[in-house]
Amino acid sequence: MPNQSLYSLENLSANAQEPVNHKPDKPEEACGVFGVYAPGENVAKLAYFGLYALQHRGQESAGIATFAGERVYCYKDMGLVSQVFNEDILQQLPGYLAVGHTRYSTTGSSLKVNAQPAIVKTRLGSLALAHNGNLVNTLELREKLIQQDRCFLTTTDSEAIALAVADQVDKGKEWLEAAISAFKMCNGAYSLVIGTPAGMIGARDPHGIRPLVIGTLEGEKTRYVLASETCGLDIIGAEYLRDVEPGELVWITDEGLASFHWAEKPAKKLCIFEMIYFARPDSVMHDETLYTYRLRLGEQLAQESYVEADVVIGVPDSGIPAAIGFSRASSIAYGEGLIKNRYVGRTFIQPTQGMRESGIKMKLNTLKDVLADKRVIIVDDSIVRGTTSKKIVKALRDSGAKEVHMRISSPPVTHPCFYGIDTDNQEQLIAATKSVQEIEQRIGVDSLTYLSWEGMLKVTGENPNSFCSACFTGDYPVTIPENVRRSKLMLEKAKV
Ligand code: SF4
């Protein structure tokens with residue numbers, strides 16, 4: 001085993017081990033990953049700002065690991081990026097290579113011990129791994145590694161990937177060979193940034209389910225950046241170079257960037273929900289911002305489900321671009337009928353029962369002047385459980401809306417995600433058990449229409465086969481093992 005030092009500056013706050021009770025009525029993105037390689041510089045601050053831009057991808061924990069020669073430094077804790085780090089902490093993270101992570105838990109509980117990057121020692125020095133996605137063969141991989149006497153500190157699939165790489169290194173392979181051998185043991189979704197004393201790895205699974213982009217920072221030498229989304233490049237002035245391809249590994253060292261296509265049959269299946277909702281609207285995918293794609297979703301929705309009305313409003317923030325697109329295509333005036341409290345974060349203080357019953361308005365409030373006596377079209381990006389939609393519709397009616405027509409810029413969510421998005425079990429998805437008419441009644445709207453699956457894919461302008469849309473169809477691109485299917489799919493449960 002190596003003799004490299006590992007300095008962990010972890011903050012042992014009193015409540016760090018307590019689980020977080022946090023279950024909003026929207027699918028939750030699993031993670032944001034970030035990496036920067038800039039010889040001769042201290043890069044912790046760049047990683048901090050990169051993670052700051054990727055905060056929407058995970059708000060439970062944040063971490064940065066840096067490499068200075070053989071030494072790795074790491075700090076991670078529960079909380080938002082701005083709560084976890086300060087100037088003092090960043091100064092204690094020296095080095096030219098940084099790996100950063102923001103986390104929302106999908107595999108493993110919401111505990112500090114599961115925060116990333118995952119650090120593992122090997123015979124070639126420590127590695128620091130940041131993972132976005134979800135493996136579907138975690139149990140099998142864990143068992144294999146335990147048989148090799150590997151010790152797990154956490155319950156995450158990310159640690160299993162890190163240990164799989166370490167295992168291959170300790171069996172005598174060099175970093176690249178070891179990483180590729182480990183990836184071949186992993187099934188599911190993984191966009192990875194891995195720091196090592198010899199260089200930085202960026203990699204995507206053979207289907208490229210989660211995004212990962214490469215950027216450059218100009219200087220005496222080219223410096224490279226890896227990020228889940230282009231907004232993570234913009235914030236530090238990095239220029240977008242290209243995406244890491246499905247089944248590709250990039251190896252970034254003093255020599256520059258080398259590319260290895262390691263997967264036998266790569267077949268792009270980017271998560272369509274990244275485009276509809278998860279990724280930031282200012283991030284670029286397929287040569288345009290997602291704001292523009294979401295405008296087109298709204299235009300398509302108006303073509304498919306026009307209804308006479310006086311005003312079109314969107315559910316802030318994610319429903320706004322589609323609402324503007326709907327308004328443009330239908331020539332019905334756009335208005336702001338809902339105002340979001342921009343300073344609401346997660347709260348650990350539970351509202352009183354009285355507040356709950358009177359309809360707590362912590363996040364959204366209505367603009368009565370815009371809504372009173374109007375026939376209102378309200379556009380949202382998705383309905384998952386329907387609980388928030390019901391509250392919003394009630395608030396609109398309480399504010400005087402004469403009619404409420406809901407338009408959704410994606411098809412009904414009928415299946416859970418196994419690839420790194422928390423969409424609940426199938427029985428909790430309202431469209432899995434109820435017809436559109438039943439949902440209309442449940443949420444109290446005059447009419448409800450979803451965008452067609454064909455329309456959603458058509459406006460991408462890309463090959464429709466290059467997306468995963470399994471939460472709308474149940475057609476999963478990576479086979480889900482039976483035990484994993486049974487954990488979330490109610491039809492499968494019924495059979496056993
Ligand atoms: S199942 Fe849905 S949320 Fe999951 S990767 Fe596929 S499209 Fe995305």
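All ligand and atom numbering here is 1-based and tracks the order in the structure. Quantities reported herein were computed from a predicted structural model and do not represent experimental measurements.
The side-chain hydrogen bond (donor to acceptor under 3.5 Å, both in side chains) test with S158 singles out one residue from Q116, R103, H101, and that residue is Q116. Results of the ring pair (Phe, Tyr, Trp, His ring centres under 6.0 Å) test with F273 over F472, F467, Y419 single out F472 as the only residue that passes. Exactly one of R407, E440, Q437 qualifies for a side-chain hydrogen bond (donor to acceptor under 3.5 Å, both in side chains) with S447. That residue is R407.
The shortest non-hydrogen separation linking L448 to I383 is CD1-CD1, 4.0 Å.
Protein heavy atom closest to atom 4 (Fe) of ligand 1, with residue, atom name and distance, is C417 SG, 2.2 Å. From the protein, the heavy atom lying nearest to atom 2 (Fe) of ligand 1 is C471 SG, 2.4 Å. Summary of contacts: the protein heavy atom closest to atom 5 (S) of ligand 1 is R210 NH2, 3.3 Å. Nearest protein heavy-atom contact of atom 7 (S) of ligand 1 is C468 O, 3.0 Å.
Counting backbone and side-chain atoms alike, C271 contributes no N/O/S atom closer than 2.8 Å to atom 2 (Fe) of ligand 1.
Looking at R204, its side chain does come within 3.5 Å of a backbone N or O of R210 through a donor-acceptor pair.
Taking every heavy atom of I209 and a limit of under 4.0 angstrom, the matching atoms of ligand 1 come to 5 (S). Numbered from 1 in the order shown, with element, the atoms of ligand 1 that lie under 4.0 Å from a heavy atom of I421 read 3 (S).
Of the N and O atoms on the side chains of S469 and W453, at least one donor lies less than 3.5 Å from an acceptor on the other residue. No side-chain donor-acceptor contact under 3.5 Å links T449 and E304.
For K269, no heavy-atom contact with ligand 1 is shorter than 4.0 Å. Residue contacts with ligand 1, taken as heavy atom pairs separated by less than 4.0 Å, do not involve A189 at all.
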